[in-house]
Protein chains: 2
Amino acid sequence: MNTSTGPAERRTHTEQGIERKQQLLDAAAVLFSSKGYANTRIADICAAAGVAKGLVYWYFPTKEELFAELVRSMRLQLRRAQAAAMDPEADPLTRIRQGTEASVVFMAEHRAYFALLDVERSQDELSGRGSDVADVLREGSDVYATDVVRLVRDAQRQGLVPDGDPQLYAVGVLGVVSSFSHALRNGSLDVDVDELAAFVGGWVMRALAGETVAR
Amino acid sequence: MNTSTGPAERRTHTEQGIERKQQLLDAAAVLFSSKGYANTRIADICAAAGVAKGLVYWYFPTKEELFAELVRSMRLQLRRAQAAAMDPEADPLTRIRQGTEASVVFMAEHRAYFALLDVERSQDELSGRGSDVADVLREGSDVYATDVVRLVRDAQRQGLVPDGDPQLYAVGVLGVVSSFSHALRNGSLDVDVDELAAFVGGWVMRALAGETVAR
DNA sequence: CACCCGCTTGACCGTCGGGTCAAGGCGACG
DNA sequence: CGTCGCCTTGACCCGACGGTCAAGCGGGTG
């Protein structure tokens with residue numbers, strides 16, 4: 001038993017252990033994103049992974065923590081993909097488009113996984129108040145937001161984007177990516193991924209910097 | 001017990017009964033949108049409404065059905081607000097903006113209620129497959145989509161919006177409204193509602209019809 | 001071979017919460 | 001005043017599911 005109230009009881013894992021843990025994460029990802037967090041039983045995950053129920057609790061303290069770990073790992077991957085796609089030399093507006101398009105592609109490539117960020121959106125559903133997971137989630141969403149806000153500010157400074165609350169622009173950018181993600185997944189949208197990415201990229205560019213003829 | 005497999009067991013309600021039912025719906029709306037569907041117990045709703053638990057089942061067959069009824073009524077209200085805001089004489093693009101702005105305002109005025117549509121977005125969370133509620137929800141989202149698609153088509157026919165899959169444009173429009181709704185609710189966005197509505201309206205206009213200088 | 005330790009099992013437990021039900025009030029109507 | 005049917009109550013039921021645990025396995029090390 002873990003007497004310390006500290007962060008977490010660290011366990012040492014063998015090669016095989018790490019692999020097994022990943023299997024569980026993979027199985028959970030598929031199930032969570034297809035049936036939702038609440039409708040996925042621990043038993044389901046175990047069945048999918050072909051192991052006994054107790055084993056989950058060897059690798060994860062709770063179901064919530066398992067979920068949190070998934071989200072963390074997703075976020076890491078996504079941010080890596082974004083960073084890789086953004087040309088550090090380019091102007092901020094271009095960087096936003098690159099990041100946006102990369103996100104769309106990434107999301108399409110990892111539909112099952114990425115659905116989690118959708119669930120994340122309805123955090124309320126999970127965080128019955130004061131849940132530690134709620135913090136992880138909320139904190140994480142902000143990362144993207146502040147990122148985009150910074151880019152928008154830079155763009156405004158360079159006259160690429162009209163004045164206005166950068167926060168608002170950021171919400172728009174992030175929201176549209178999330179929306180198309182959602183639509184692509186459970187939606188009637190069957191378009192080529194690259195095509196979609198280009199569309200979303202264009203959409204964001206116009207929304208940020210476009211000009212309408214008249215009101 | 002309801003022997004018929006038919007639609008539903010109709011109950012006759014007195015004046016008072018209808019009122020009581022509405023009280024329950026109101027209480028449920030507040031709780032669902034603040035704590036989420038899964039985290040709201042039937043008992044909570046009853047406590048909030050100041051009635052005994054059994055009473056819920058006098059007015060609603062199940063918790064899910066109670067939720068579905070809320071969603072239905074929300075949707076009705078929203079559509080009314082949209083319809084009222086759209087000038088039937090105006091061009092489709094303008095109508096889209098009017099509908100968009102009306103949605104934002106409506107959503108702000110009914111934050112508590114409107115949060116439900118957010119939950120709706122994460123239907124997966126609720127619909128453990130084959131749930132009747134899933135159908136209600138899915139079917140309903142399509143209403144907006146086809147509406148917007150039609151408007152976009154009209155706009156394209158008039159050369160107001162460039163060619164391209166209208167479905168994609170529609171997803172963008174609906175998504176952005178939903179995103180700002182979400183951000184306004186649990187977010188750090190504290191802006192004037194009308195200001196926000198105007199921003200979103202402008203955003204959508206630019207995204208639909210705007211022109212970027214160069215790629 | 002003996003021992004340790006990471007790993008695996010599946011029966012079991014406790015709680016939580018949706019849904020039921022028998023009983024009773026209360027107003028309307030004959 | 002009787003009775004009918006809408007409404008209200010709260011104790012109770014029970015299945016579901018997250019989490020526990022005692023037991024056992026197997027490979028690596030001394």
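Note that this is a predicted model, so its numbers are computed, not measured. Below, chain A is the first sequence line, B the second, and so on; all start at residue 1. These values consider heavy atoms only, across backbone and side chains, with no hydrogens, waters or symmetry-generated copies.
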Engineer: Is atom CG of D87(B) surrounded by more than 12 heavy atoms (other residues, nucleotides or ligands) closer than 6.0 Å?
Structural biologist: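 Yes, CG of D87(B) has more than 12 neighbouring heavy atoms, counting only those of other groups under 6.0 Å.
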Engineer: Any idea how F180(A) and F199(A) line up, ring-wise: parallel (<30°), tilted (30 to 60°), or perpendicular (>60°)?
Structural biologist: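 Taking F199(A) first and then F180(A), their aromatic rings stand perpendicular (interplane angle over 60°).
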Engineer: Taking side chain as C-beta onward, heavy atoms only, is C46(A) less than 4.5 Å from V56(A)?
Structural biologist: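 Side-chain contact under 4.5 Å: yes.
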Engineer: Has D192(A) got more than 12 heavy atoms of other residues, nucleotides or ligands less than 6.0 Å from its CG?
Structural biologist: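 Atom CG in D192(A) is crowded, with more than 12 foreign heavy atoms closer than 6.0 Å.
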Engineer: Give, for atom CD of Q98(A) and atom CG of L93(A), the distance between the pair rounded to the nearest 0.5 Å.
Structural biologist: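 Here the interatomic distance stands at 10.5 Å.
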Engineer: Of the listed nucleotides (dT8(C), dG18(C), dT8(D)), which one gets closest to any side-chain atom of R41(B)?
Structural biologist: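 Nucleotide nearest to R41(B)'s side chain: dG18(C).
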Engineer: Rounded to whole angstroms, how far apart are CG on L24(B) and C1' on dC7(D)?
Structural biologist: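 Result: 12 Å.
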Engineer: Using whole Å, what does the distance between atom P of nucleotide dA11(C) and atom OH of Y57(A) come to?
Structural biologist: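 Nearest whole value for this atom pair: 17 Å.
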Engineer: Using only side-chain N and O atoms of R20(A), determine if any of them is under 4.0 Å from OP1 or OP2 of dT8(C).
Structural biologist: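 Affirmative; the distance criterion is met.
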Engineer: Using a 4.0 Å heavy-atom cut-off, does I42(B) contact any base of the nucleic acid, only the sugar-phosphate backbone, or nothing at all?
Structural biologist: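 Here I42(B) touches the backbone only, sparing every base.
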Engineer: Out of dG19(C), dC7(C), dC6(D), which nucleotide sits closest to the side chain of H13(A)?
Structural biologist: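 So the nucleotide nearest the side chain must be dC7(C).
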Engineer: Of all the choices, dG18(D), dG19(C), dT8(C), which nucleotide is nearest to the side chain of K63(A) once you look at every atom?
Structural biologist: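 Among dG18(D), dG19(C), dT8(C), the one nearest the side chain of K63(A) is dG18(D).
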Engineer: Check whether any side-chain heavy atom of L66(A) sits under 4.5 Å from a side-chain heavy atom of I45(A), and report yes or no.
Structural biologist: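 When only atoms from C-beta onward are counted, I45(A) and L66(A) do touch, with a gap below 4.5 Å.
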Engineer: Measure CD/Q16(B) against P/dG5(D) and give the value in whole Å, please.
Structural biologist: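 Rounding to the nearest Å, CD of Q16(B) and P of dG5(D) are 18 Å apart.
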Engineer: Just the rounded figure in Å: distance from C1' of dT8(C) to CD of E19(A).
Structural biologist: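 From E19(A) CD to dT8(C) C1': 15 Å.
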Engineer: Run R20(A) and Q23(A) through side-chain hydrogen bond (donor to acceptor under 3.5 Å, both in side chains) and show every step you take.
Structural biologist: CA-CA 5 Å; R20(A) 181 51 54 97; Q23(A) 282 172 25; 3.1 Å; yes
Engineer: On the 0 to 90° scale, with breaks at 30° and 60°, tag the F67(A)-F32(A) ring pair as parallel, tilted or perpendicular.
Structural biologist: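 Answer is perpendicular, since the angle exceeds 60°.
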Engineer: Quick one about T146(A) and R150(A) (side-chain donor to acceptor, distance below 3.5 Å, no hydrogens or angles considered), yes or no?
Structural biologist: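 T146(A) and R150(A) do not have a side-chain donor-acceptor pair below 3.5 Å.
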Engineer: Any Lys/Arg nitrogen of R79(A) or D147(A) sitting under 4.0 Å from an Asp/Glu carboxylate oxygen of the other?
Structural biologist: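 Yes, this pair counts.
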Engineer: Students often mix this up, so state it plainly: with edges at 30° and 60°, are the rings of W203(A) and Y169(B) parallel, tilted or perpendicular?
Structural biologist: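 Taking Y169(B) first and then W203(A), their aromatic rings sit tilted (interplane angle of 30° to 60°).
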Engineer: With a 4.0 Å limit, can you tell me whether T12(A) has a side-chain N or O closer than that to the phosphate oxygens OP1/OP2 of dC5(C)?
Structural biologist: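 No, outside the criterion.
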Engineer: Looking at T62(A), does any N or O in its side chain come under 4.0 Å of the phosphate oxygens OP1/OP2 on dG18(D)?
Structural biologist: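 Looking at the OP1 and OP2 atoms of dG18(D), neither is under 4.0 Å from any side-chain N or O of T62(A).
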Engineer: Which is more 5' along DNA chain D, the nucleotide nearest G50(B) or the one nearest K53(A)? Just name the residue.
Structural biologist: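 Closer to the 5' end of DNA chain D: G50(B).
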Engineer: If the sugar-phosphate is the primed atoms plus P, OP1 and OP2 and the base is the rest, what is the B/S/- string for nucleotides 22-30 of chain C, using protein heavy atoms under 4.0 Å?
Structural biologist: ---------
Engineer: To the nearest angstrom, how far is F67(A) atom CZ from dG18(D) atom C1'?
Structural biologist: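 Value for this atom pair: 17 Å.
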Engineer: How many whole angstroms separate atom CH2 of W58(B) from atom P of dG10(D)?
Structural biologist: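 Rounded to the whole Å, the gap is 17 Å.
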Engineer: L55(B) or A43(A): which one's nearest nucleotide on DNA chain D is closer to the 5' end?
Structural biologist: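 This one resolves to L55(B).
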Engineer: Atom CD of E65(A) to atom C1' of dG19(D): distance rounded to whole Å?
Structural biologist: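 My rounded result for the distance is 15 Å.
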Engineer: Over all strands shown, is V51(B) touching base, sugar-phosphate only, or nothing at heavy-atom distances under 4.0 angstrom?
Structural biologist: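 Since only primed, P, OP1 and OP2 atoms lie under 4.0 Å of V51(B), the category is sugar-phosphate.
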Engineer: In terms of ring plane angle, is the pair H110(A) and F106(A) parallel, tilted or perpendicular, where the classes change at 30° and 60°?
Structural biologist: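 If you compare the ring of H110(A) with that of F106(A), the planes turn out parallel.
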Engineer: Base, sugar-phosphate or nothing for G17(B)? Non-hydrogen atoms, less than 4.0 Å.
Structural biologist: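 Sugar-phosphate contact only.
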Engineer: If you restrict it to nitrogen or oxygen atoms, what contacts under 3.5 Å exist between nucleotides 22-25 of chain D and the protein, and what is each distance?
Structural biologist:
none

Engineer: Protein-nucleotides 28-30 of chain D N/O pairs closer than 3.5 Å?
Structural biologist:
none

Engineer: Figure out the CD/P separation between E15(A) and dG27(D), and round it to whole Å.
Structural biologist: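 To the nearest whole Å, that distance equals 16 Å.
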Engineer: Below the 4.0 Å mark, does dT8(D) have OP1 or OP2 next to a side-chain nitrogen or oxygen of Y59(B)?
Structural biologist: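 It does, given that an N or O in the side chain of Y59(B) lies less than 4.0 Å from OP1 or OP2 of dT8(D).
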Engineer: Taking salt bridge (Lys or Arg N to Asp or Glu O under 4.0 Å) as the criterion, tell me which of K63(B), K35(B), K53(B) meets it with D44(B).
Structural biologist: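 With D44(B) as partner, salt bridge (Lys or Arg N to Asp or Glu O under 4.0 Å) holds for just one option, K35(B).
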